[in-house]
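Numbered from 1 within each chain, the chains take letters A, B, ... in sequence-line order. Not measured: the values here are computed from a predicted model.
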There are 2 protein chains.
Amino acid sequence: MPAEGAVGLRADARQNRDRIVEVARRLFADRGLDVPMAAIARHAGVGVATLYRRFPTKEALVTEVFADQFEACVSVVDDALADPDPWRGFCTAIEKICGMQAADRGFGTAFVAAFPEAVEIERERDRAIQAFAELTRRAKAAGRLRADFSPDDLALLLMANCGVVAGSAGEAGVASRRLVAYLLGSFRAEQADPLPPPARLSLHDVLDSPTSATRPVRRAGAGPTAHQGTTAPQGTGDR
Amino acid sequence: MPAEGAVGLRADARQNRDRIVEVARRLFADRGLDVPMAAIARHAGVGVATLYRRFPTKEALVTEVFADQFEACVSVVDDALADPDPWRGFCTAIEKICGMQAADRGFGTAFVAAFPEAVEIERERDRAIQAFAELTRRAKAAGRLRADFSPDDLALLLMANCGVVAGSAGEAGVASRRLVAYLLGSFRAEQADPLPPPARLSLHDVLDSPTSATRPVRRAGAGPTAHQGTTAPQGTGDR
DNA sequence: TGCTAAGTGGAGACCCTTGTCCACTTAGTC
DNA sequence: GACTAAGTGGACAAGGGTCTCCACTTAGCA
């Protein structure tokens, strides 16, 4: 599926577009989401204007680049639901998603970040979350997943994994696998130690957090997204 | 201990310096390390020049601000070593350190980040790491900590916690506590499931990683501070 | 009180981003 | 081959960061 954004393009333009996406995918994977647009353009052998003509904002480019990875995520969860053993499905789904995050520095950030423009993708993600909740239910019913596991703990796990991937440079894969192994070990039903309450924040909540320090696409000076006034008045027109 | 950087200062200057540190501490805690120097100056009621006169770089300010928190970290581990029950010591040390990270958005980043200038602090941190390794040994000897736990897993845990804290905004404390509970549950000796190998990266390694995406102090567009040429030629004058 | 070195604030240099504009080039059709 | 709409690249605007410079103010001492 060579992207529907490329229909009706002149042959050379289409080639350029494809190269841009390809280069961006590689750069995002290697260096995270904050590689500058100019670097992408240069690597693709085009000017910035060309890049911006195809993708009016950086967000649009990121969205396009990760669209199929998002899709892959959804089908990972779907596959997990199809597994007759819900616990095995649960574990492999988590392992695969975290593996994808570890293999691509940009993807983890993109997954956790907000894409206000990309409604399509948001819906995908929400569907995946729904499916995961169902998977959770089944794994609990099978008596393999501890009863006090909250579906919101998926957010916890993803953020933790994101931190590990971001911090461990070359060793991201190994580090991520180990973290996941530890956590899955703790998710099993036999684990009876009581837990503190789950954080009252699903992935959805995290997304619109004004202080999402995991660096979404929008950089410092972006739009005034509706604040949920956590802190004190603070007054001074800061930052 | 009102900081040795303040000796011989005129009374008013000293007052300003103290206010700067105090304000910076609060802002870093609330909003992370990337609050601009100008904002700190404004909140402290001084001009940027004054700020830069006392702290020649942002790094210097961060170092000063977190010096005593680093110290507190070290004594947390010392306390843990003093506990007759090494497993309890191990758990409370981890809980306290992660709690400190969760309570202060800047601290986690600072802890994981590199401070090439702050030799003093690096030494502190290294000492804490040594002490933690000893704690690990004892907890294993007591048969409470799983044998395949690697001291490097502390780095894993801290990075994971850092990710959670960064991503969960207001709920950082709750989220962090839950993550830690999960992980400690998995660290116990009764947990027999085999683990994938540990990431071959201690905190030390992470520190000098050229791609430390956990956002150390130095930002992208900073000044021409003498770079420590860590990385390869890299070719294209990128980024 | 008056002197002076220490301290100060604000303008601005400099760099890095994202995104726009416009004169030029070129693919594709007749 | 010539025409034209589509496509292009590089300069540049706008805005955000760190850090510097320098004319002015002021604490502290005699």
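Checked against a 6.0 Å centroid threshold, the rings of F28(A) and F107(A) do not count as neighbours. Taking the six-membered ring for Trp and the full ring otherwise, the centers of F111(A) and F66(A) sit at least 6.0 Å from each other.
In this structure, T50(B) reaches the dG9(C) phosphate: one of its side-chain N or O atoms is under 4.0 Å from OP1 or OP2. Look at R54(B) and you'll find a side-chain N or O under 4.0 angstrom from OP1 or OP2 of dT8(C). Dashed line: the shortest gap from a side-chain N or O of N16(B) to OP1 or OP2 of dG7(C) is not under 4.0 Å.
L9(B) places its CG atom 15 Å from the C1' atom of dT26(D), with the value rounded to the nearest Å. Per the geometry, CG belonging to D34(B) stands 9 Å off P belonging to dT18(D), to the nearest Å. Summarising the geometry, the separation between OH on Y52(A) and P on dA13(D) is reported as 17 Å, rounded to the nearest angstrom. When the P atom of dC19(D) is taken as reference, atom CD1 of I20(B) falls 14 Å away, rounded to whole Å. In this entry the distance linking CZ of F55(B) with P of dC19(D) reads 13 Å, nearest Å. Straight-line distance from the CD1 atom of I40(B) to the P atom of dG17(D): 11 Å, rounded to whole Å. Atoms CG (L51(B)) and P (dG7(C)) sit 15 Å apart, rounded to a whole Å. Counting to the nearest Å, the P atom of dT18(C) and the CG atom of L33(A) are 11 Å from each other.
With dG28(D), dG17(D), dC21(C) as the candidates, the nucleotide lying closest to the side chain of R10(B) is dG28(D). Of the candidate nucleotides dG19(C), dA27(D), dG9(C), dG9(C) has the atom nearest to the side chain of A49(B). Of the listed nucleotides (dG10(D), dT17(C), dC19(D)), dT17(C) has the atom at the smallest distance from the side chain of P36(A). When each of dG9(C), dT8(C), dT18(C) is scored by its nearest atom to the side-chain atoms of V46(B), the top-ranked nucleotide is dG9(C).
Counting any heavy atom pair closer than 4.0 Å across all strands shown, V48(A) reaches a base atom. Here A11(B) lies in heavy-atom contact (under 4.0 Å) with sugar-phosphate atoms only.
Not counting sequence neighbours, the partners of A60(B) by the side-chain contact (heavy atoms from CB on, under 4.5 Å) test are F55(B), P56(B), T57(B).
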*Might you work through the side-chain hydrogen bond (donor to acceptor under 3.5 Å, both in side chains) test for T50(B) and N16(B), ending with a clear yes or no?*
CA-CA 8 Å; T50(B) 301; N16(B) 279 341; 5.6 Å; no
*salt bridge (charged side-chain N to carboxylate O under 4.0 Å, His left out) evaluation trace for R25(A) with D68(A)*: CA-CA 11 Å; R25(A) 198 191 314 279; D68(A) 45 348; 3.6 Å; yes
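Nearer the 5' end of DNA chain C, as judged by each residue's closest nucleotide, is the contact made by M37(A), out of R53(A) and M37(A).
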